[in-house]
Structure formats: structure tokens, C-alpha cells
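Scroll down for the structure; my scribbles are underneath it.
Just so we're clear, the structure is a prediction, and the values are computed from it rather than from any experiment. Every chain is numbered from 1 and lettered A, B, ... according to where its sequence line falls, protein lines coming before strand lines.
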Amino acid sequence: MIETEAAPQNDFIREIIEDDLKTNKNNGRVATRFPPEPNGYPHIGHAKSVCLNFGIAAQYGGTCNLRMDDTDPSGESLEYVDSIINDVHWLGFDWQDRLFYASDYFEDLYRFAVQLIKLGKAYVCSLRADQIREYRGTLTEPGKESPFRNRSVEENLDLFTRMRAGEFADGVHVLRAKIDMSSPNITMRDPVIYRIKRSPHYRTGTQWVIYPMYDFAHCLSDSLEHITYSICTLEFENNRPLYDWIVAQLIPEPRPRQIEFARLNVTYTILSKRRLIELVENNHVNGWDDPRMPTIAGMRRRGYTPQAIRTFCAKIGVAKSDNLIDMSLLESCVRDDLNEQAPRAMAVLRPLRLVIDNYPEGRVEEFECANHPQNPDFGTRKVPFSRVLYIEADDFMEEPPRKYKRLGPGREVRLRNGYAIKYAGVVKDEKTGEITEIHCTYDPDTLHGAPADGRKIDGVIHWVSAAHSVKSEVRLYDRLFRIPNPVTQGDAFLEFLNPDSLEIITNCRVESSLKDAASGSRYQFERLGYFTADSVDSKPGNPVFNRIVPLRDSWAKVAAKG
RNA sequence: UGGGGUGUCGUCAAGCGGUAAGACACAGGCCUUUGGAGCCUGCAUUCGGAGGUUCGAAUCCUCCCGCCCCAGCCA
């Protein structure tokens, strides 16, 4: 089952749940929710929360709701709601009919606020925003009580009703919880729970001019949905006493419990929604699903599989200490999945002409090649072979360093799926001295298996028949997210946009059997890594390939060592 | 200098008083018609530091240090 397998290691949360199960706190129910604010596309950090919340629910036979936490109309939109729905589904999770919107609770929340006023636990404060800040005190000094703190219930009710009715301009009044202005926890110093904001809401339009704040709306939304565990990130730890306070005033037991975990950080990656929005709005990238983006949509386009992302989330674990996950773990997860799922093919990115001198001109053979080296279920494909081939320019070196196993003067290598060939000569451009063509001879007895005389052939290179190959477009993203650490520095954007890291290569040749590659297909091209046919830019018959997994340049390391 | 968290290998992360799991990374080897697959081996005498309790401490106690979060009418 997808949900269970995706559950990250979450021992401290499991412990809490199992204690509750023992004491039968919630009658054995486990109910979680994934509550994004629809003000951006979900990213890999959200995936961690999605896997956690749905995973926990599945582990205990419970439920997980999807809830749009849309209490601040500015920045929220239907487009983002759609992206969340789409991406969570794509990741493999199902909330069935439990899709909710905090905005659907506006009427309930309003009534809760009225109730709080009647309890004498909330008041309308008419201080200006800057005054409220001033009265709040500082980290080390207690705050001062608002002069409006002791308004009568009747006056508060009257004012709050008129706030809703639109009688006041934005900002002239707010509703505050009456808690403790001298609390060492600043969150508890009479927090604002309702504000006037004349900003049309993407769902409720202009129906409301007052909107509940997160602290008020979230815990009560959880309560309305009978959530048992409200799992959120660490920065809300200071808000937990407020969460408990509000719920204690208005909701009978059993009440939802907030549990915090550390949010995801990945090396070289920006996961701040504010910054991602900036990248999109300033056109630094081509939208939220740009393959360079750490969004689910971007990763999907780049070729990541839901499985790989789920595995990643399961492997990183869930704890309370700040973390910075090495991107190599993410890459390892895709490689692992794709190694099993991706059919193999051959491609050449930087073509170098290779002529087999002793192979008859005009002759064409077709080799039956396995689409997967380990799994015969993938079947085979026919690959044409002829006298003139293209090989990867890197696969030939005139002065090969030690340990180089590919082609060079005097050497013999195997053409993947084909014959062993032996170096015969090289042709250079007279002016530049650049190698333009390699000449080889082939050994006809080596098509299947090693040569009869027992000589060993170490190197294997891939190739494509020049006359039969098809030209396609490949986009190389050397690493998924080319953003240097520390990501908090402003110049991160410059690096992100560095054209050197976004090289686009257009003269790639892909063997003909691939020219009908369907959109969204993933291939591992021999020795080059995993590629996906880009589902947005590719056309049938001429796919555009994104390279999705960087292969470690181990050869470069060997060469560096000498 | 207030409050809330958190510190175990390069990076994550188990461990809950009985003598440091696992993963990624890294290194070496074997094997292979992708060097990037597969297999094998190595990789924390020590758990932020210093004391203490105990036969025994990463785990309990004391003090100290580092890092993160909180002063939006954001979430």
C-alpha cells in the first residue's frame, strides 16, 4: 500500500499516537490532515508533509483530509488549489471525499469568535498596527495592556458585528484574544484573531471583509474536522500554547493535538515559498513547473517518479532537529527507481564520426537488443548498424590516462550490443587539429560473446548508426537545483540563472527506434544517464529529452588523480 | 539579556541504564556487452563540553557551549 510504504520513520509521533491508543483518548481514531495554503505550487518540502500525514493515517487505519488553509485572500488562487490537488494525487495519495476549505468555515469561525467574546475572552482592539506592536513589548520586556482591553462584552459584540458588516476601514479595529500581555511567550500576548481586510477572496469573493488569523482558524478547523493529530512544522511550536488555549475555550474533549516536526531542507535548493514565488513572478524561470524548480510539478516534468519521491520521504525520516538533506540522497532514490523502471537506449550527445573500414559499404545489420539488461519483460528492439557510426566524443582519447577503458590508439573496445572494434587511425582537421573522424576495424566473431582467442576487452562504448539516427533536443540540467548554499544570500539568484548550468545541447542524435518515444517516457541512455521525454515541449516523433539524473563523473575523478 | 526547541559518522537517523542500527556519501576490491547496474569490504572506542550518580551512562543529575524559532492586522 502506497500510503504505508511512504510513511517516513516517525518514532516520536508514533509513540504519542500509541499512548493515546492505549488510553483510548480518541476512541481509537487517528485523523490527520494536510493543510497547505493555496498561495503557491507544492514542492518537495510539502511532499514530506504529505507522506507523513497520509502515511500516519494509513499506518493506523485512519484518515487524512486535504484542507486548503485559505484564510488570507491575498495571494491565494484557484490555480494553486488545482496544483495542490493534482500534485498530491500524482504523488499517489487519496483523500477520497475529504477535501475541505478553511474558507468554508468562515461562518462557523465567526460564531466561535462571538462565543469567545461572550466568554469575556476576546475584545475588539482599536489600536493602530504600529501601536499594537509597541504595546506587545519585546523578547525581554513584557507588553502593556491595550486601553481597549476592558471593553464590555456588549460593546465588543456590537463592534465585532459592525466589523463584519463593513462599517470600518481596513485596520481600524481587530479582534484580540484576551490572554496575558506579560507572557514570556510573545504569541500569548493578546494575539490578533480577526482583522479587517477588503481583499476579494478567490472563493468567497467580497462576502467577507473580516478574516480569521491562522492561530484562530487552524485549531478550530482541525476541531471541526475531528482531527486527532495536527502535524505541522517546528516554527509553530511557539503557537502550540495558543492552539491549546483557543481550543480549550471552545471545544469539548477530546481535542486535536498539535505535533511539530522539522521541515525539509535540501542542499543547493530553495524551498522558501516566498522565494519560489519571486522566481516565477520575475520570470527567472518559465513557470512553476520549470524543470529547474523544486516543485512537484517541476520534478514531474523533469522526470522524477512519484515512487522516487515517496522513497525519499521515507528515507529522510522525521525528527525535530534542523536538517539539511544531501541532494545525493534524492538523486539516489530516482536512480534506484529508474534503474528498475527505465528501458535502455543509446544516444550520443557530442557526436564523433567513426568509420569501420572493413565493414562493407551500404550494408546494414539489425541487432536485437535487450531493452533492460536484467529484466527480459522489457523485450527487445532492433537497432540498425552500419559502416559509419557516431560515438560520444568523450569515448575517444588520443593520449588516454591510466585506467581509461575506452577507445584510443591501439585499443580495442566493444560497441555496446555490437561488435568489438579496434582502432585503425584518426582524421584531423588540417587547420584546427581537431579530431573529425576515427577509423576502426571490427571483428565479425564478437557479436555475441568474447573473442575466441581469449583476449579480454574491457571497455564498452555506445554508438548510433549515422544514417539511421534521429536528431533530437536534449536539455542538460547537471544538477536538479543549481542553487548554492547558503541559500539565504541574495546572490543565490545569480547562480540559479547562470547560463553555464543550464546548457542546452541541440545536436544530439538518438537512435531511430526511439523517435516515437511517448511523452513522459523515461529512458536510460547507455552511459549518459536517465532522460525523460519532456511532456510539455516535446512533439510526437521528436521528443525533447531532459536529463533527469546526473551521473557522477567518476572518470573525471580518476583522471584528476592521474 | 525572555521564552520555546535542538545537538549521535561528511549528511540524515535509530538508540529510552547493559556496553553505538541503517541509509546516502566516501574509499578499496570483485564482477559485468553502460566505468553509472550487481556483489563484497572498510568507514563514530564514542554520542556538543565538563563534572557527578551507577558495577555499568549517548541514555539519569548539575553546570556550561553551539545552532534554530518567536516581537505580521502572514501561514
Side-chain angles (χ1 to χ4, degrees), chain A residues 9 11 15 35-37 39 69-72 74-75 125 127-129 132-134 136-143 170-176 183-189 191-197 210-211 213-215 217-218 232-241 260 262 267 273-274 312 314-333 335-336 339-340 344 346 369-370 373-374 403-406 413-420 446-450 457-462 524-530 549-555 558:
Chain A
Q9 197 169 43
D11 299 51
E15 216 166 278
E37 183 189 11
N39 65 346
D69 206 3
D70 52 0
T71 57
D72 178 2
S74 46
C125 179
L127 252 23
R128 289 191 315 267
I132 287 182
R133 191 181 320 123
E134 207 182 303
R136 190 151 32 220
T138 67
L139 295 178
T140 52
E141 299 160 277
D170 289 12
V172 326
H173 301 297
V174 292
L175 186 68
R176 292 229 255 168
S183 170
N185 180 357
I186 295 180
T187 308
M188 299 296 273
R189 321 239 260 231
V192 172
I193 56 177
Y194 260 92
R195 77 284 213 184
I196 304 172
K197 199 165 194 165
I210 58 171
Y211 293 95
M213 298 286 289
Y214 164 85
D215 285 304
H218 201 94
C232 63
T233 45
L234 240 34
E235 64 268 30
F236 292 102
E237 257 175 331
N238 296 318
N239 301 51
R240 179 165 16 108
E260 309 86 7
T267 54
K273 195 128 75 162
R274 202 210 97 225
F312 173 73
K315 283 189 170 179
I316 56 179
V318 174
K320 296 191 73 166
S321 53
D322 296 326
N323 59 76
L324 213 208
I325 308 289
D326 200 308
M327 203 165 63
S328 63
L329 180 60
L330 218 203
E331 290 172 346
S332 153
C333 291
R335 245 187 277 125
D336 217 49
N339 181 40
E340 285 180 18
R344 308 301 147 98
M346 291 194 281
C369 303
Q374 279 88 40
K403 285 195 170 180
Y404 185 83
K405 293 207 277 186
R406 286 115 88 179
V413 297
R414 174 174 295 281
L415 292 171
R416 171 84 167 148
N417 292 313
Y419 299 106
T446 52
L447 187 53
H448 305 288
I457 300 169
D458 264 351
V460 178
I461 64 172
H462 51 135
Q524 183 187 3
F525 289 124
E526 308 286 356
R527 270 266 293 295
L528 290 174
Y530 294 95
V549 178
L551 291 177
R552 284 162 294 173
D553 197 353
S554 59
W555 169 246
V558 171

Residue pair R344(A) / P373(A): nearest heavy atoms and the distance that separates them: CG-CD, 3.6 Å

Minimum-distance nucleotide to M213(A) side chain [options: rU11(B), rC73(B), rA37(B)]: rC73(B)

Among rU33(B), rC68(B), rA71(B), the one nearest V460(A) by side-chain distance: rU33(B)

Value in whole Å for how far the C1' atom of rC73(B) lies from CD1 of I196(A): 9 Å

Side-chain donor/acceptor of R133(A) to base of rG72(B), under 3.5 Å: no

Under 4.0 angstrom between R195(A) side-chain N/O and rA75(B) OP1 or OP2: yes

Proximal nucleotide (of rG15(B), rA75(B), rU11(B)) relative to the D11(A) side chain: rG15(B)

Touch class at under 4.0 angstrom, heavy-atom based, for E340(A) against every strand present: nothing

Syn-anti status, with the boundary at 90° from 0, for the nucleotide rG49(B): anti

Heavy-atom donor-acceptor pair, D458(A) side-chain to rG35(B) base, under 3.5 Å: no

Residue K315(A), side-chain atoms from C-beta onward, closest of rA23(B), rG38(B), rC70(B): rA23(B)

Minimum-distance nucleotide to E237(A) side chain [options: rA75(B), rG5(B), rG35(B)]: rG5(B)

Touch class at under 4.0 angstrom, heavy-atom based, for I457(A) against every strand present: nothing

Sugar-phosphate, base or nothing in reach of L139(A), heavy atoms under 4.0 Å: base

Touch class at under 4.0 angstrom, heavy-atom based, for R136(A) against every strand present: sugar-phosphate

I325(A) side-chain proximity, nearest of rA25(B), rC12(B), rA75(B): rC12(B)

E15(A), nearest nucleotide to its side chain (from rC16(B), rA75(B), rU33(B)): rC16(B)

Selection from rU34(B), rG3(B), rU6(B) that lies nearest to any side-chain heavy atom of K320(A): rU6(B)

RNA chain B: 5'-proximal contact among N323(A) and A450(A) (nearest heavy atom): N323(A)

Touch class at under 4.0 angstrom, heavy-atom based, for N239(A) against every strand present: base

Per V174(A) side chain, nearest of listed nucleotides rC73(B), rC12(B), rA75(B): rC73(B)

Nucleotide paired to rA21(B) in any strand shown, Watson-Crick or G-U, under 3.5 Å: none

